[in-house]
There are 2 protein chains.
Amino acid sequence: MLTKQRHQLILQRLSEKKVVKLKELVDLTRSSESTIRRDLTDLETEGYLARVHGGATLISTPDEEPTFEEKLDRFVDEKVAIAQKAATFIEDGMSIYLDAGTTTQAMVPFLKGKKIVVVTNSLPIANELFDLDIKTFVIGGELKRSTQALVGYNARESMMNYRVDLAFLGMNGIDLDAGYTTPDPEEALVKKTAIELAQTSFVLADASKIGKRTFSRVATLDAAQLITSSDESMSSIQTITKVVNAK
Amino acid sequence: MLTKQRHQLILQRLSEKKVVKLKELVDLTRSSESTIRRDLTDLETEGYLARVHGGATLISTPDEEPTFEEKLDRFVDEKVAIAQKAATFIEDGMSIYLDAGTTTQAMVPFLKGKKIVVVTNSLPIANELFDLDIKTFVIGGELKRSTQALVGYNARESMMNYRVDLAFLGMNGIDLDAGYTTPDPEEALVKKTAIELAQTSFVLADASKIGKRTFSRVATLDAAQLITSSDESMSSIQTITKVVNAK
DNA sequence: ACTAAAATCATTCAAAAACATTCATTTTCA
DNA sequence: TGAAAATGAATGTTTTTGAATGATTTTAGT
């Protein structure tokens, strides 16, 4: 593989994911660690990226260190764009399911004023919806520590009482072969159930999730439309399910 | 996971929750305590957060005044006394139900460290339990505006999946003739169900509720023990059910 | 208020991961 | 063909990490 091509690949991957691991690039380009290291050093001296231990990240703004708020914003930008796009599918009178997760949570502000009913398994989302005065149903279940989501068998049981028009799900892995995947089996069960009870399902995922596969299988790609802002592998996924570009 | 990524996760969580516990971040990032401590010290020196004992907090958190309502509540001391008394009935290994309400919520601090399982229909209580690291199940249902409680038919359905040793309920009216009453029929349904599925039930009520009667009948007085700090009409109620004095 | 127990903390250390550097080999291109 | 450039492996060094230890703070009980 030509040096130019590798550099191109690296920068592309970086612009999508904000940070890349060295090992990741080794796999991606099928070249040695040494080579990737050299590439990263070169690209750094050319000002395209910043090396960090374990890989590289996008360069910070040229003039000044971004403030705390700005950094957060940049991190959230992609999620918000996806969330906003997702919210456009919601019409007055609909009932929707909002899965736990930062991307789906980003949808909440865009629901303001809509005459809808929301079902969710996320405590933070329920709290936000409460503030927005939106009719909200919370499913039962065990409160999971890391994500403040309600999961497990009881959650599934409780969900079966609802039917929604649209379901919006976060996802950790989207892969052509593996389909939609997430690390925790109990969360996977909840997501799976959500897809079952919704008329139409959407998966919200930023570019970093595309091509990834994690432990628990949720569904095949055709079970839900994908809303993302990644161009990468869009074309191949599009042969299986509908893909919405949030840009 | 790359250091940069951890830092971003930490800042993101922090901006959402205002304060984070170290343990929480360990769960979230799946890295060791040591690593998180190092991250926090780094981020602190970079000026992104302030470390506090047990975790970290946003740099400029204007500490919230106790709300108008809280200040106005003359019964706050009484509530705490009742809550503390109620908590003494809970032993390790038990499963308990905590009804939504300020008095039952006051029990939560007294649960710290107990090896129990809690079922609740209250979002605020679930949030507090989350911080205390107590195994928590939330029942499903509609989120009621005024109390942030989950109520209604679906709540009842969802509750039927659990069996608890003890149930602790708030109540608006305790009257010799009318029994236990509460204003909202949907909440009454939930309370009634809780009493059904618990082996032993307790009603927590300050003096202001004694002798009152409100719209919806929950149960007769003998269906639950009463924990109160009122001497008034204690004697007459005692002929019907067990009364615990919290003083 | 005081003491004991528990939780959290800073510090240290060894293992693991990632690193820069060197060098022999392969590729490229004149 | 031969020199320059690029590559990958080998080496020893540095950084990062998680566990262990004891110190410190917080909490609970009297």
Side-chain angles (χ1 to χ4, degrees), chain A residues 1-11 13-14 17 19-46 48-57 145-146, chain B residues 1-11 13-14 17 19-46 49-57 63 77 80-81 83-92 106-116 128-135 246-247:
Chain A
M1 173 176 287
L2 253 50
T3 308
K4 265 278 172 61
Q5 283 181 300
R6 276 201 320 274
H7 287 195
Q8 202 80 25
L9 260 180
I10 292 172
L11 290 180
R13 184 60 158 261
L14 192 58
K17 302 194 41 175
V19 294
V20 282
K21 295 203 191 113
L22 187 114
K23 189 137 183 287
E24 214 177 313
L25 296 175
V26 169
D27 290 345
L28 182 69
T29 63
R30 293 169 210 285
S31 33
S32 72
E33 262 189 34
S34 304
T35 301
I36 300 297
R37 281 186 209 291
R38 275 186 275 260
D39 287 344
L40 292 185
T41 329
D42 291 349
L43 288 169
E44 182 174 43
T45 50
E46 286 167 35
Y48 288 119
L49 51 77
R51 295 193 63 182
V52 296
H53 199 92
T57 89
R145 271 209 68 68
S146 52
Chain B
M1 170 173 283
L2 252 48
T3 308
K4 258 267 171 62
Q5 288 179 302
R6 275 201 319 275
H7 286 190
Q8 278 177 332
L9 261 180
I10 291 172
L11 291 179
R13 184 60 160 258
L14 193 57
K17 294 201 47 176
V19 294
V20 282
K21 298 197 169 183
L22 187 107
K23 218 185 225 174
E24 212 178 315
L25 296 174
V26 168
D27 287 346
L28 183 68
T29 64
R30 293 165 210 279
S31 34
S32 73
E33 249 184 49
S34 305
T35 300
I36 300 296
R37 281 186 207 292
R38 276 186 276 258
D39 287 344
L40 292 185
T41 355
D42 290 351
L43 288 169
E44 181 174 45
T45 49
E46 286 167 33
L49 50 78
R51 292 193 66 181
V52 296
H53 199 90
T57 154
D63 275 58
D77 285 342
V80 171
Q84 182 165 20
K85 187 71 184 181
T88 62
F89 291 96
I90 303 168
E91 294 165 18
D92 277 3
M107 289 178 65
V108 176
F110 299 109
L111 304 182
K112 184 170 185 183
K114 286 198 198 292
K115 289 174 178 50
I116 55 174
E128 280 198 44
L129 289 168
F130 176 85
D131 289 334
L132 286 189
D133 215 349
I134 289 178
K135 197 171 181 66
K247 279 183 187 163

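Here the side chains of B:Thr41 and B:Thr45 are not in contact, with every heavy-atom distance at 4.5 Å or above. You'll find the side chain of A:Arg6 stays beyond 4.5 Å of the side chain of A:Arg38, heavy atoms only. Taking 4.5 Å as the limit, some side-chain heavy atom of B:Leu2 sits within range of a side-chain heavy atom of A:Val52. Residues B:Ile90 and B:Met107 are in side-chain contact: their nearest non-hydrogen atoms beyond the backbone lie under 4.5 Å apart.
For the pair A:Leu25 CG and D:dT7 P, the computed distance is 14 Å after rounding to whole Å. Distance CD (A:Gln5) to P (D:dA6): 15 Å, rounded to an integer number of Å. For the pair A:Glu24 CD and C:dA18 P, the computed distance is 12 Å after rounding to whole Å. Rounded to whole angstrom, the span from the CG atom of A:Asp42 across to the C1' atom of D:dT7 amounts to 13 Å. Note: CZ (B:Arg37) to P (C:dT8) measures 8 Å, nearest angstrom.
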Annotated protein contacts, base or backbone, on nucleotides 13-30 of chain D with a non-hydrogen cut-off under 4.0 Å, one of B, S, - each
--SSBBB-----SS----
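Rotation axes derived from the C1' atoms of the five outermost pairs at either end of the helix from C:dA1-D:dT30 to C:dA30-D:dT1 lie 40° apart, to the nearest 10°.
Formation of a donor-acceptor pair under 3.5 Å by the B:Asp92 side chain with backbone atoms of B:Lys115 is found in this model.
A pairwise comparison of heavy atoms in B:Ala87 and B:Phe110 identifies CB-CB, 3.6 Å as the closest pair.
Within 4.0 Å (heavy atoms only), B:Val26 reaches no atom of the nucleic acid at all.
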Stepwise side-chain contact (heavy atoms from CB on, under 4.5 Å) check, B:Glu44 with B:Leu40:
CA-CA 6 Å; B:Glu44 181 174 45; B:Leu40 292 185; over 6 Å; no
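Each of B:Lys23, B:Lys112, B:Lys17 was checked for a salt bridge (Lys or Arg N to Asp or Glu O under 4.0 Å) with B:Asp131, and the lone residue meeting it is B:Lys17.
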